[in-house]
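In what follows, a single structure is set out as structure tokens and then discussed.
Here the structure is a predicted model, which is why all the values come from computation and not from measurement.
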Amino acid sequence: MIALLRAYIDEFDDYTNPKCKAFGFSGLIGPVHEWHKLQCKWEDALECCGVKHFHATDLQHFEDEFKGWTESQRQRLVSLLVRVVQEQLPSFRLLGSANVMSSYRYLPEYRRRHLKNPYFLGAVSVMSDGARFAHFDFGDKPVEFVFDQKTKHRQWIDQAYGDVLKTKWGYLCAAKSMANHRLVSPVQVADLLAYESEKYIESRMANPEATDITDLRWPIEQLKELFYGGDTTWYNWHGLMLVTDFWGNYQRLCKFRKVDTKETHHERRRRLQDALSRPK
């Protein structure tokens, strides 16, 4: 049998919402047999708490299956699920991509037309990283990508996958599909990571000068090794560079390039035009 890798990926927020600050993906890539182990432990934890499926937003707001829950019940479930992921950490790598929407909207029209939309951009990023991990970290094993099932995004997954096949490590892409998170529990693992990634990014954006966030949410603190060891992609409008942000590299890079991160796109364009119009 072929030793296969699988990556389960979920998105956070909705890039079509004008209030969306950052849109992106998070998930894990690892051997299929390791996913089987994680899945069994994950479903045991859910059963222990009398839950059929996990959804982070519903749990946060005590909605749907978690209606009527108490804070202690929520903490118990989260602690059990985080522990399950902790136990399997050595077998997996983090996949992630975040797109700053205020920056994306400032891109010239021709750039945005080429990038199609933030979903396509992020899907290309996580699948490209997945193929790269398959080569460097997992000995050239082929990888299958499984995204949370949303019909409106199917065309973008198909197009992104086609583009990734053309990349250097694209030959390691075995397949792509979409799965219902209510029925496929590994997608719920990606949902947990996506939710915590969103909260982490919100903290970073709220305090951009910080070199690190000291008051991490409990799940991130417990999974710090996973997050801080990941090549998580952070897109910004300064040329759409790819940088790892979890150690504050984005801010250091901007300082090195003398980029004012508070400057809007229009302010930056005017400044550059003024600089070019000055006599040499």
Side-chain angles (χ1 to χ4, degrees), residues 9-27 55-64 66 95-127 147-160 163 178 180-181 187 190-210 213 217 220 227 232-243 245-246 250-251 253-254 259-273:
I9 303 162
D10 194 11
E11 80 270 14
F12 55 84
D13 217 321
D14 179 1
Y15 69 88
T16 63
N17 184 348
K19 295 182 180 180
C20 176
K21 294 182 178 179
F23 171 82
F25 295 86
S26 284
H55 190 252
T57 302
D58 289 343
L59 178 60
Q60 180 65 28
H61 299 289
F62 296 131
E63 295 176 345
D64 197 15
F66 307 103
L95 291 176
S97 174
N99 188 49
V100 186
M101 291 307 301
S102 61
S103 300
Y104 184 89
R105 295 184 186 108
Y106 280 127
L107 286 171
E109 183 181 352
Y110 79 92
R111 293 291 298 277
R112 281 186 277 126
R113 186 169 60 248
H114 175 71
L115 298 171
K116 295 183 173 64
N117 58 53
Y119 192 98
F120 172 85
L121 179 60
V124 168
S125 175
V126 292
M127 286 192 281
F147 290 80
D148 187 20
Q149 181 174 287
K150 290 182 176 62
T151 305
K152 64 179 180 179
H153 293 147
R154 184 177 299 279
Q155 63 170 318
W156 305 120
I157 293 292
D158 292 343
Q159 292 183 36
D163 279 14
M178 306 182 85
N180 188 329
H181 79 274
V187 180
D191 175 76
L192 171 63
L193 297 176
Y195 185 84
E196 293 301 329
S197 296
E198 179 182 20
K199 295 303 179 184
Y200 178 88
I201 289 171
E202 288 176 354
S203 297
R204 293 307 305 255
M205 294 179 71
N207 190 11
E209 296 301 320
I213 302 297
R217 287 169 55 87
I220 289 285
F227 278 86
T232 298
T233 304
W234 184 272
Y235 290 96
N236 66 88
W237 63 269
H238 305 295
L240 278 184
M241 298 172 291
L242 310 182
V243 296
D245 185 62
F246 278 106
Y250 172 68
Q251 291 298 320
L253 181 61
C254 287
V259 172
D260 181 3
T261 56
K262 295 181 181 179
E263 184 181 46
T264 68
H265 177 71
H266 296 301
E267 291 171 343
R268 180 172 181 262
R269 183 171 59 183
R270 284 198 301 268
R271 177 172 57 78
L272 294 176
Q273 288 175 343

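Classified by interplanar angle (parallel below 30°, tilted 30° to 60°, perpendicular above 60°), the ring pair His153/Tyr119 is parallel. Relative orientation of the Phe120 and Trp156 rings is perpendicular, given thresholds of 30° and 60° on the angle between their planes. Ring pair Phe23/Tyr15 is perpendicular by interplanar angle, where above 60° counts as perpendicular and below 30° as parallel.
The main-chain N or O of Leu121 is never found under 3.5 Å from a side-chain atom of Ser125 such that the two would form a donor-acceptor pair. Judged purely by atom type and a 3.5 angstrom limit, Asn99 has no side-chain atom pairing as donor or acceptor with the backbone of Gly24.
Across all their heavy atoms, Val126 and Ser97 have their closest contact at CG1-CB, 3.8 Å. Heavy atoms only, all atoms of each residue included: Phe12 and Ser26 are closest at CE2-OG, 4.2 Å. Taking every heavy atom of both residues into account, Ile157 and Ala123 meet most closely at CD1-CB, 4.3 Å. In plain terms, the two heavy atoms of Asp14 and Cys20 that are nearest each other are O-CB, 3.2 Å. Considering every non-hydrogen atom in both Ala194 and Asp10, the closest pair reads CB-O, 3.8 Å. For Gln149 against Asn180, the heavy-atom pair with the smallest separation is CB-N, 3.8 Å.
You'll find the side chain of Thr57 reaches within 4.5 Å of the side chain of His61, heavy atoms only. Looking at heavy atoms from C-beta onward, Phe147 lies out of side-chain contact with Val187 at the 4.5 angstrom threshold.
Atom NZ of Lys21 is surrounded by 12 or fewer heavy atoms from other residues, nucleotides or ligands within 6.0 Å.
Remark: Leu192 CG to His55 NE2 distance equals 11.5 Å, nearest 0.5 Å. Note that CG of Leu193 and CD1 of Ile220 are 8.0 Å apart. Values are rounded to the nearest 0.5 Å. If you take NZ on Lys199 and CD on Gln60, they are separated by 6.0 Å, rounding to the nearest 0.5 Å.
Ion pair Glu196/Arg217 flagged as a salt bridge, since at least one NZ, NE, NH1 or NH2 atom sits closer than 4.0 Å to an Asp/Glu carboxylate oxygen.
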Quick one: do Leu95 and Ile9 satisfy side chain to side chain contact (heavy atoms under 4.5 Å, CB included)? Show the steps, please. CA-CA 8 Å; Leu95 291 176; Ile9 303 162; 4.3 Å; yes

For Asp148 and Glu11, run side chain to side chain contact (heavy atoms under 4.5 Å, CB included): C-alpha distance rounded to whole Å, both residues' side-chain angles, the deciding distance at 0.1 Å, then the answer. CA-CA 8 Å; Asp148 187 20; Glu11 80 270 14; 4.3 Å; yes

Starting from the C-alpha separation in whole Å, work towards a yes-or-no answer on side chain to side chain contact (heavy atoms under 4.5 Å, CB included) for Asp191 and His181. CA-CA 8 Å; Asp191 175 76; His181 79 274; 5.8 Å; no

